[in-house]
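Just so it is clear, the values below take in all heavy atoms, side chains as well, and ignore hydrogens, waters and symmetry mates. Reminder, nothing fancy here: chain letters follow the sequence lines and each chain counts from 1. Given the structure is predicted, the values throughout are model-derived calculations rather than measurements.
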Amino acid sequence: MDDRATTDAGTGAAPPSRGRGRAGAASAGPADGVPDASAEDELLRLALDHTPSAAAYHDCEQRFLHVNAEWERFHGIPRERVIGLTIAEVLGPRVHARVRPHVERALAGERVRFEDREPGKFGPGRDGWTEETYVPHRDASGRVLGVFAYAPDITARKVAKAALDESEGRLRTLIDGMPQLVWRSCDLGLWTWSSPQWRAYTGQTMEGSLDRGWLEAVHPDDHPPAMTAWEAARRTGRVDVEYRVRRASDGAYLWHHTRSLPVRDANGRIVEWLGTTTDIQKLKELQARQSVLVAELQHRTRNLIAVVRSIADQTMKRTGPSPMFIERFGDRMAALGRVQGLLSRADDEPITVDALIRSELDALGAGSRARLDGPPVRLRAAIVQTLALALHELATNARKHGALSGSDGRLDVTWTVRDGDGRRRLRLDWAEEAGRPIEVADAARDGYGRELIERALPYSLGALTEYTLTESGVRCSIDLPLERSSRKERS
Amino acid sequence: MTYDDSLAGRHLLVVEDEYLLADDLAARFRAHGASVVGPAASVDDALDLLGGDAPVDGAVLDVNLQGEKAFPVADLLVERNVPFVFATGYDGSAIPSRFAGVTLCEKPVDAAKLMVALLG
């Protein structure tokens, strides 16, 4: 069609090429006495004017001998102002400079095809694009008479392609940069592609990962859940499964979450699956730690309730149902509360011997009347509660009956740390100097503190203790291991 | 607290690291006529008591003994066919499945439930 149009446009336009192309061509037929040719000429003009591509015919001087309707529309110039003028005259020197080499090649006998960009054709930043084809028109001897130019407007295609390239570029950047391991798969986990991230992480080659190759990077124990997920995928329309993937750099199996959704065709049939495998090791570790913490909290809370019940029983046994019960029990609950506060902050703020004693004395408003002296010693959580309850009893007793009850008493609490049988031991001495004789019978009446020191500390903490009550107050020593026994050391 | 002798003549091992709770439990058992073996505050102490000559007809085990799990003691009790219960603040998920048949008494322990579990 192109060639015939070229030929006919050429034959029609060639004779009157020095004059007015269209009028000349229209009169050429009858003048030559070939009505058939004239009819054919008109037919071709009609066809050309209805073709959606701009078309023009240039003679050897690069003058327009013919343009079609689409050419007029695209360039916005009526043909009356075109025919007989050169490309430079009609479209300006800028356009001419751009197309001239191509026109000259066509005039030299070559069929030329190129894409032409007209900057700002449709407004600022909006270029116009045409796909230009120049076909040389030859006479019977092969001499080039002119050039038929055919130039469909491909601007829309270009814009769409540019948008697609940009979008693809963004997507590629996203996929290359995302921490997830991306892959494509057929049904039942038969992989067709794995991302560079997957290959870098697992050390597999592309080939090695395809089909079920990826499964070799999955922990053997996790093969069943992985395959079960793929078997169910067709029915459920998704893959959502956790398994461990081997990291090539150190051979560690880390937990990953794999998700995939199917790509479907117009009929809803699954074409392929796109999936990601995401590192969730940190999450798994945090979840495990959380479970441990919750269990510890359960353990501690329930133990605490049992301890409260025991303290209530023990207090009641000594006071009977009297106002004294309320007072004693309340004091002990306050001490228990203070030690829970210390324990809950123990991760950030290690509990020391000094802090524990000070917290008890301060609660009694007696902090300034005691001399505390010893090295900084950190206490592990397991021994804090029992020790605190014992210290509370000592302090309360001193306040009520002993060294802290009058204005002239003094209390010395000193401690040292030494090595004993491979374990560090704390030795703490509590020494009251009442300054005046105290009522020993009053001080001894309750007896709960003494029971804690003489029985609870040895039992729960492996402590060696001494407790003496004299007229000058209590003298007490507590010697306990700071670390847990690793193996039995009993005889 | 009801005082009866439903546990009379029985030797019950108490394994609990918290003195106040061990003492409390031992007192309750004694009140029902039992003789208490221990109490023991650690796995080692409990294993020593079981290794001695004293007869043991039943046991109450705290699961967490100052950070150490009491399961070696439980294994020995299973081996000896001695009935026992776990007394714990943990829920069942913290107990290995091999002890699935063992009664779990959540703290604070219900002494009556303990009796039923040990006598039954």
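- Looking at A/I311, the atoms closer than 4.5 Å to chain B (heavy atoms on both sides) all sit in the side chain, from C-beta outward.
- Counted within 6.0 Å of CZ on A/R418, heavy atoms from surrounding residues, nucleotides or ligands total more than 12; the atom is thus considered enclosed.
- When all heavy atoms are compared, the tightest approach of A/S310 to B/L20 is OG-CB, 3.3 Å.
- A/H299 is not listed as a side-chain neighbour of B/V63, based on a closest heavy-atom distance of 4.5 Å or more.
- Enclosure of atom CD in A/E327 by more than 12 non-hydrogen atoms of other residues, nucleotides or ligands within 6.0 angstrom is indicated.
- Heavy atoms from other residues, nucleotides or ligands lying under 6.0 Å from CZ of A/R318 number more than 12.
- At a 4.5 Å heavy-atom cutoff, the contact between A/R455 and chain B is made by backbone and side-chain atoms alike.
- Heavy-atom neighbours of A/M324 CE from other residues, nucleotides or ligands within 6.0 Å: at or below the threshold of 12.
- A distance of 9.5 Å separates CG in A/L461 from CG in B/D17, rounded to the nearest 0.5 Å.
- For a residue to count as touching a neighbouring chain, one of its non-hydrogen atoms must lie under 4.5 Å from one of that chain's; by this rule A/E296 touches chain B with backbone and side chain alike.
- Within the 4.5 angstrom heavy-atom criterion, no atom of A/L304 approaches chain B.
- Of all heavy-atom pairs between B/Y19 and A/E451, the closest is OH-OE2, 2.7 Å.
- Between B/E18 and A/T386, the closest side-chain pair of non-hydrogen atoms falls below 4.5 Å.
- Contact count against chain B (heavy-atom pairs under 4.5 Å) is highest for A/A295 among A/A295, A/A381, A/A382.
- Closest approach of A/V307 and B/L21 over heavy atoms only: N-CD2, 3.5 Å.
- Interface remark: A/L389 contributes side-chain atoms only to the contact with chain B (heavy atom separation under 4.5 Å).
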